[in-house]
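Below is one structure, written out as structure tokens, with a few remarks after it.
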2 protein chains.
Amino acid sequence: MKTLSIKDIAVKAGVSITTVSFIINGKAKEKSISEAVIKKVEKIIKESGYKPNQIARSLRTGNSNIIGLIIEDISNSFFSRIARLIEDKAYKKGYKIIYSSTENNVEKAKELINMFKSRKVDGYIISPTKGIEEDIQVLLSDNKPVILFDRNLSDIDTHYVGADHFKASYQSIESFIKNGKGKIALVTTDIDVEQIIERFEGYKKALIDHDIPYNDELVLKIHFNQDEAETIEQMKSLFSSKDIDAVLFATNYLAISGLKALKQLNKKIGDELSVIAYDDHEVFELHTPSISAVQQPLEEIAETVIQLILNQLSSKNKLENQKVIIPAKLIER
Amino acid sequence: MKTLSIKDIAVKAGVSITTVSFIINGKAKEKSISEAVIKKVEKIIKESGYKPNQIARSLRTGNSNIIGLIIEDISNSFFSRIARLIEDKAYKKGYKIIYSSTENNVEKAKELINMFKSRKVDGYIISPTKGIEEDIQVLLSDNKPVILFDRNLSDIDTHYVGADHFKASYQSIESFIKNGKGKIALVTTDIDVEQIIERFEGYKKALIDHDIPYNDELVLKIHFNQDEAETIEQMKSLFSSKDIDAVLFATNYLAISGLKALKQLNKKIGDELSVIAYDDHEVFELHTPSISAVQQPLEEIAETVIQLILNQLSSKNKLENQKVIIPAKLIER
DNA sequence: CTGAAAGCGCTTACAG
DNA sequence: CTGAAAGCGCTTACAG
């Protein structure tokens with residue numbers, strides 16, 4: 001069965017395709033099409049199951065009602081949950097989302113931007129990697145709305161939504177100190193992105209503000225793409241050789257590896273060693289004992305992102321850029 | 001800056017757009033374009049950064065190099081991991097994936113199919129809900145490749161890839177019995193889909209084959225969309241009132257709720273109560289004690305799905321439908 | 001109140 | 001070896 005085109009509908013209804021097009025696009029009143037014609041055409045459309053070809057429409061109008069979402073890795077639960085929330089919210093406003101993962105790979109990120117561009121998506125929601133600043137700049141000078149989230153690119157003048165990583169990290173360390181801890185380690189990654197750096201800065205500042213000298217040896221930077229087995233070994237050597245009484249993990253997957261390391265060392269979490277994980281995960285609540293975690297406000301982040309992009313999309317003129325920083329919450333367990 | 005079109009390139013190069021098109025599409029040799037012209041045009045394309053408009057190309061050719069992936073819920077780690085694997089593999093073959101979640105909602109599933117259809121995706125990979133049989137049938141009679149995965153629709157004659165749920169469930173129960181358990185409960189959902197039913201059937205058959213009478217009271221069916229708090233209450237009442245020594249959870253999120261319920265009841269997992277979860281999850285390995293789980297072969301499923309759809313896509317004639325059942329693995333911890 | 005026609009950016013059968 | 005032209009299915013300025 002060949003798919004129907006607007007022409008088929010026009011022929012069946014005995015009107016021009018112009019008339020059909022006006023009716024489909026809700027411009028019937030505005031163009032003063034008679035009530036009778038509207039009724040007739042709508043009936044035919046419904047009966048035949050005709051759906052306008054979106055490709056043709058996009059080619060003609062230059063937009064698509066699609067928002068491109070570019071994230072680091074869809075299999076990471078932080079991103080998949082954000083993606084799901086964004087998808088739901090956009091859907092309610094008549095926008096579809098298409099998403100794809102960069103795997104923290106600059107080349108792939110650039111390709112994705114190009115793919116989305118050639119698919120004429122109306123706007124972009126991106127958790128960026130370093131190295132794609134230029135490509136984003138091109139989108140902006142093309143007048144496409146771009147919302148960054150999770151991580152900011154300070155060189156890029158556009159909207160950004162993210163959690164207050166510095167503060168959350170600072171507060172985590174303060175909570176350790178309040179509980180009498182003083183030998184506080186940080187396990188983080190070596191990715192050079194703003195939100196990771198801020199967690200590190202928050203750690204450092206909190207120590208200094210409480211007169212605890214910063215000690216390089218208590219900070220373990222795990223190489224980004226490395227094997228989990230190796231990561232666990234490195235953590236084991238940190239945890240067993242150094243005299244530490246608390247540790248903040250800067251990402252949830254590091255925390256999970258850390259828990260495995262501690263399990264292997266048979267080191268009990270609790271009075272002896274306090275643990276906070278950055279980014280909550282189901283594992284932490286269920287773990288015995290439960291693990292405290294910094295919870296990013298997913299719902300609020302998703303809501304703000306969608307709000308910003310819809311505002312942009314519906315206004316002809318460029319809105320003033322906003323950098324929205326949302327507090328994260330330390331869940332003490 | 002206006003985006004370039006094929007015409008701009010043609011003008012710059014002093015050739016026709018036909019020639020440029022042939023060169024872009026690698027048909028230069030075939031169409032015996034002279035080496036000099038090819039060189040010149042390629043140089044101009046590279047220098048100008050011209051990218052063909054995929055929308056126009058799709059409109060003209062009727063395909064898109066995009067595969068639509070429709071899953072139940074991207075925030076579920078089983079699906080997000082499968083999605084990621086499929087995305088990677090497709091990408092290497094020059095296909096892009098766009099995905100979207102149905103939330104187990106028939107209406108939304110139908111809309112997604114329509115959206116993908118009007119975007120002219122070349123093929124569909126679907127973890128289906130009941131109720132979309134007709135829509136899938138339409139795609140098939142439209143000659144679009146459709147691969148079902150995770151759950152089969154027995155009425156639909158197309159490719160399917162999934163784990164052997166019956167067997168995995170059967171083996172789980174056998175493993176309980178081998179370890180001397182006899183009062184074996186099943187916690188499952190009330191969704192009426194094949195893979196859930198098979199897990200139930202495997203449970204039943206294993207009991208009967210080992211001369212353990214099937215007892216309705218040991219099977220708890222949790223309502224699909226219900227609050228976790230309520231789910232936990234129901235489980236607590238099962239676990240505390242009945243005299244049971246083993247429990248199989250038919251999904252990983254049920255198992256997670258179950259672990260919470262057991263924690264609240266202060267019931268120790270181990271000799272007293274054995275637990276197996278269906279679909280592995282990071283939680284289970286880390287849990288104290290570790291939880292055994294049925295692991296679906298994600299990598300194999302993704303690989304098979306991609307293989308089947310690429311075969312379909314590259315062959316003009318319809319290939320014979322395959323139903324591929326891959327064994328799942330019980331990881332005893 | 002309604003329609004003929006141009007044009008979005010491509011591909012490709014056909015002609016030379 | 002290369003190009004003019006039709007056509008994919010829409011939208012919309014213009015005309016009547």
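Letters go in sequence order (proteins before strands), and every chain restarts at 1. Computed from a prediction, not measured in an experiment: that's the story for all the values here.
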Query raised in the report: The side chain of A:T18 lies closest to which of these nucleotides: D:dT12, C:dC8, D:dT2?
Result: D:dT12
Query raised in the report: Think B:S5 has a side-chain N or O under 4.0 angstrom from the OP1 or OP2 of C:dG9?
Result: no
Query raised in the report: So is B:K108 actually on top of A:Y91's ring, under 6.0 Å and inside 45° of the axis?
Result: yes
Query - Contact under 4.0 Å: B:Y50 side-chain N or O vs C:dC10 OP1/OP2 - result: yes
Query raised in the report: Nearest to the side chain of B:N53, which nucleotide is it out of D:dA4, D:dT12, C:dG9?
Result: C:dG9
Query - A:I17 CD1 to D:dC10 P, straight-line distance once rounded to whole Å - result: 9 Å
**Report entry** Separation of atom CD1 in B:I23 from atom P in C:dC10, rounded to whole Å
**Finding:** 14 Å
Query raised in the report: Do other residues, nucleotides or ligands put more than 12 heavy atoms under 6.0 Å from the NZ atom of B:K7?
Result: no
Report summary line: In whole angstroms, the gap separating P of C:dC8 from NZ of A:K120 amounts to 13 Å
Requested in this report: Grab the CD1-C1' distance between B:I55 and D:dC10 for me, whole Å please.
Outcome: 12 Å
Report task. Taking only the side-chain nitrogens and oxygens of B:T61, find out if one of them lies under 4.0 Å from OP1 or OP2 of C:dT11. Result -> no
Query raised in the report: Counting only side-chain N and O atoms of B:T19, is one of them less than 4.0 Å from OP1 or OP2 of D:dG3?
Result: yes
Query raised in the report: Base, sugar-phosphate alone, or nothing: which one does A:R57 contact when heavy atoms must sit under 4.0 Å apart?
Result: sugar-phosphate
Query - Positive for side chain to side chain contact (heavy atoms under 4.5 Å, CB included) with B:V146, one of B:I126, B:I125, B:I113 - result: B:I126
**Report entry** d(CZ, B:R60; P, C:dC8) in whole Å
**Finding:** 17 Å
Report summary line: B:I33 atom CD1 is separated from D:dG3 atom P, nearest whole Å, by 8 Å
Query raised in the report: Rounded to whole angstrom units, what separation is found between the CG atom of B:N63 and the C1' atom of C:dT11?
Result: 11 Å
Query raised in the report: Using 30° and 60° as the class limits, which term best fits the ring planes of B:Y124 and B:F116: parallel, tilted or perpendicular?
Result: tilted
Query - B:S21 side-chain N/O to C:dC10 phosphate OP1/OP2 under 4.0 Å - result: no
Query raised in the report: In terms of the nearest nucleotide of DNA chain C, which residue is placed more toward the 5' end: A:V37 or B:I24?
Result: A:V37
Query - Any B:K27 side-chain N or O less than 4.0 Å from OP1/OP2 of C:dT12 - result: yes
Report task. Using a cut-off of 6.0 Å, state whether more than 12 heavy atoms not belonging to B:K323 lie near its atom NZ. Result -> yes
Query - Value in whole Å for how far the C1' atom of C:dT11 lies from CG of A:L59 - result: 13 Å
Report summary line: Closest of D:dC1, C:dG3, C:dC10 to the B:S34 side chain is D:dC1
